[in-house]
Amino acid sequence: MRVLFVTTEMDDFVRVGGLGAVSAALPRALRPFADIRIMLPGYRDIIEQLTHIQVVGRCPAFAEMPACSLGRAATKDGMPVYVLLCSQLYDRPGNPYGDESGRDWPDNDIRFARFASAAAELAMGKLDKNWAADLIHANDWQASLVPAYLAWQGAKLPSILTIHNLAYQGLFPKESLRRIGIPESSFHIDGVEFYDQLSFLKAGLVYASHLTTVSGTYAREITTEEFGCGLEGLLRVRSDASELTGILNGIDESWDPRSCAQLAQQFGAGDWAGKRANADYVRKQFGLAVSRGPMFGIVARLVHQKGIDLVLAAADEIVDAGGQIVVTGSGEPALEQALIDAHRRRPDAIGVAIGFNDAQARRIFAGSDFTLMPSRFEPCGLSQMYAQRFGSLPIGHQTGGLAETITDGETGFLFSRPSHESFLGGVRRAFEAFMAQDQLDTMRRSAMGRSFSWSISAGSYSKLYRKLAAV
């Protein structure tokens with residue numbers, strides 16, 4: 001079975017959020033089940049890292065979208081990768097979606113519509129004469145037009161759209177229709193129109209054969225007004241028709257503290273001296289005081305969704321009770337600055353590193369006693385899984401993937417509402433567990449024994465692929 005996996009991030013080359021980790025791991029886990037190939041935009045970082053790119057096809061200009069070429073290459077372990085080569089759209093500094101100051105590129109409609117239309121052409125067998133897809137698997141708003149372009153061309157190819165975060169929808173003015181070759185007749189409430197704007201994500205929700213999202217809980221939540229971002233009615237219709245499925249993400253096998261090369265010291269369940277060695281390393285790295293109190297880690301995008309403001313509001317109580325906080329991530333400038341200010345007020349107890357470094361993130365999970373995840377909503381979340389494998393008990397809001405992957409009082413702590421008081425309740429329970437050595441030991445062992453293997457997710461996706469493609 002031939003599957004085209006369309007994504008705009010892949011950890012091998014470029015990462016902004018969890019999509020990059022999923023796109024690196026899930027297709028690899030699916031290789032025993034399918035001839036799966038990944039398609040990516042030809043960002044500068046990707047072109048520089050691929051050693052040999054063979055041009056296999058060319059896309060003519062379409063509407064106001066420039067002509068481009070399609071290259072085929074492979075990762076170091078042989079995963080086939082297609083890259084869309086168009087320097088005027090993708091050869092830019094910054095991240096895949098915006099410039100170095102964090103502003104979205106003004107032509108993102110053209111950048112990702114060009115990508116989606118080329119993916120549709122490839123899937124239909126029009127670009128690589130040696131390959132066509134039996135099914136296409138698109139991810140998030142940037143690839144959401146793929147099922148739509150297939151439909152507008154009359155292709156009967158089955159498609160899946162995975163919603164990694166419904167809050168990011170790819171909204172553009174109506175004028176974009178002309179720029180990217182979308183039929184005017186599709187701009188209505190049952191098509192691509194969303195409050196008089198063009199919604200890339202809604203196009204995918206309408207035209208994809210099947211929708212998935214990254215946890216069963218989030219699949220239910222997005223059919224409600226609270227979490228549906230204005231699309232809950234459409235999502236309820238798809239769900240009622242059994243066309244919306246929640247499949248929990250996994251994490252890859254490198255998240256094992258017994259063998260992880262990036263740690264200050266490797267350790268396993270019960271080797272708490274090894275865990276303390278990582279805590280000592282992190283304290284030294286962040287300039288924190290020597291302490292016997294608990295360390296609370298945060299490895300996250302620093303955005304409102306993640307509840308960083310709740311952590312800031314609780315920081316003084318955590319520190320006054322003998323705790324320390326270590327943060328790494330990047331995101332909204334105001335939250336970055338607020339964290340830096342908190343560090344300046346309490347440099348002995350609050351450490352902050354703006355930016356993301358995988359090795360540093362792993363050491364924070366290994367060294368911390370608890371991982372703070374007060375997300376207002378969390379489609380799946382990966383940090384709580386990483387944390388548990390490394391013996392850092394997550395403190396999370398009972399929502400989305402957090403509710404599914406944290407067993408309250410056994411492998412972490414769940415609190416019921418994304419409010420200051422509810423969050424503090426979870427933090428206080430963590431302090432109590434820290435003081436009860438037997439309870440802490442038992443919880444750490446339970447957390448470290450959890451399996452979040454991608455093979456489980458891959459099995460679910462393989463069944464869905466075969467059902468949709470009737471293979």
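We number each residue from 1, following the sequence as shown.
Using a distance-only test at 3.5 Å, with no hydrogens or angles considered, a donor-acceptor pair links the side chain of Glu404 to the main chain of Gly216. The backbone N or O of Ser422 lies less than 3.5 Å from a partner atom in the side chain of Ser419, making a donor-acceptor pair. Checking side-chain atoms of Gln305 against main-chain N and O of Phe377 turns up a donor-acceptor pair under 3.5 Å. A donor-acceptor pair under 3.5 Å links the side-chain atoms of Tyr218 to the main chain of Leu166, judged by distance alone. Here the side chain of Ser209 pairs a donor or acceptor atom with the backbone of Ser159 at under 3.5 angstrom. Judged by distance alone, the side chain of Asn278 and the main-chain N or O of Ala264 form a donor-acceptor pair under 3.5 Å.
Here the shortest heavy-atom pairing between Gly191 and Val206 reads O-CG2, 3.6 Å. Taking all atoms of both residues into account, the shortest heavy-atom contact from Cys86 to Ala67 is SG-O, 3.9 Å. The heavy-atom pair separating Ile110 from Pro66 by the smallest distance is CG2-CD, 4.2 Å. Between Leu372 and Ile298, the shortest heavy-atom distance links the atoms CB-CG1, 3.9 Å. Of all heavy-atom pairs spanning Pro27 and Val22, the tightest one is CD-O, 3.5 Å. The shortest heavy-atom contact between Ile354 and Ser330 is CG2-CB, 4.4 Å.
Side-chain contact check for Phe5 versus Ile136: every heavy-atom pair is 4.5 Å or farther apart. The shortest side-chain heavy-atom distance between Phe365 and Pro257 does not fall under the 4.5 Å cut-off. At least one side-chain heavy atom of Ile251 sits less than 4.5 Å from a side-chain heavy atom of Arg389. Looking at heavy atoms from C-beta onward, Asp107 lies in side-chain contact with Leu89 at the 4.5 angstrom threshold. The side-chain heavy atoms of Leu177 and Lys174, taken from C-beta on, include a pair separated by under 4.5 Å.
Taking the ring centroids of Phe200 and Phe172, they lie under the 6.0 Å cut-off. Taking the centre of each ring, Tyr97 and Trp105 stay at or above the 6.0 Å mark. Residues Phe423 and His397 keep their aromatic ring centres 6.0 Å or farther apart. Trp141 and Tyr168 have their aromatic ring centers separated by at least 6.0 angstrom.
For Gln266 and Asp256, the side-chain atoms include no donor-acceptor pair closer than 3.5 Å. One side chain, Trp131 or Asp35, offers a donor N or O that lies under 3.5 Å from an acceptor on the other. At a cut-off of 3.5 Å, with distance as the only test, no side-chain donor of Thr223 or Arg220 sits close to an acceptor on the other residue. Checked by atom type, the side-chain pair Thr212/Thr245 shows no donor-acceptor distance below 3.5 Å. Between Glu9 and Ser23, the side chains place no donor N or O within less than 3.5 Å of an acceptor N or O (distance only, hydrogens not considered). Side-chain contact check for Gln384 and Thr405: at least one donor-acceptor pair (N or O, by modelled atom type) lies under 3.5 Å. Judged by distance alone, the side chains of Glu410 and Thr407 never bring a donor and an acceptor atom under 3.5 Å apart. Judged purely by distance below 3.5 Å, without hydrogens or angles, the side chains of Ser199 and Glu193 never pair a donor atom with an acceptor atom. A donor and an acceptor atom, one from each side chain of Ser455 and Ser453, are located under 3.5 Å apart. Under the 3.5 Å distance criterion, with hydrogens and angles disregarded, a donor-acceptor pair is assigned to the side chains of Gln360 and Thr328. In summary, the side chains of Arg362 and Ser254 do present a donor paired with an acceptor at a separation below 3.5 Å, with no hydrogens or angles considered. In this model, a donor atom of one side chain and an acceptor atom of the other lie less than 3.5 Å apart for Gln153 and Lys126. Judged purely by distance below 3.5 Å, without hydrogens or angles, the side chains of Glu232 and Thr224 never pair a donor atom with an acceptor atom. For the residue pair Gln54 / Arg72, a side-chain donor-acceptor distance below 3.5 Å is found, with atom types taken as modelled. With 3.5 Å as the limit, one finds a donor-acceptor pair spanning the side chains of Tyr82 and Arg37.
The only option from Asn139, Asp140, Thr213 that meets the side chain to side chain donor-acceptor pair (under 3.5 Å) definition with His164 turns out to be Asn139.
Remark: Arg58 CZ is loosely packed, at most 12 non-hydrogen atoms of other residues, nucleotides or ligands lying under 6.0 Å away.
With sequence neighbours left out, Trp152 forms a ring pair (Phe, Tyr, Trp, His ring centres under 6.0 Å) with Tyr149, Tyr207.
Salt-bridge formation is detected for the pair Arg376/Asp309: a Lys NZ or Arg NE/NH1/NH2 atom is positioned less than 4.0 Å from an Asp or Glu carboxylate oxygen. Between Lys306 and Glu378, at least one side-chain nitrogen of the basic residue sits less than 4.0 Å from a carboxylate oxygen of the acidic one, meeting the salt-bridge criterion.
In this structure, Arg15 forms a cation-pi arrangement with Phe356, its terminal cationic atom sitting closer than 6.0 Å to the ring centre and no more than 45° off the ring axis.
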Residue pair Asp12, Arg28: steps toward the salt bridge (Lys or Arg N to Asp or Glu O under 4.0 Å) verdict: CA-CA 12 Å; Asp12 298 52; Arg28 287 182 165 101; 2.6 Å; yes
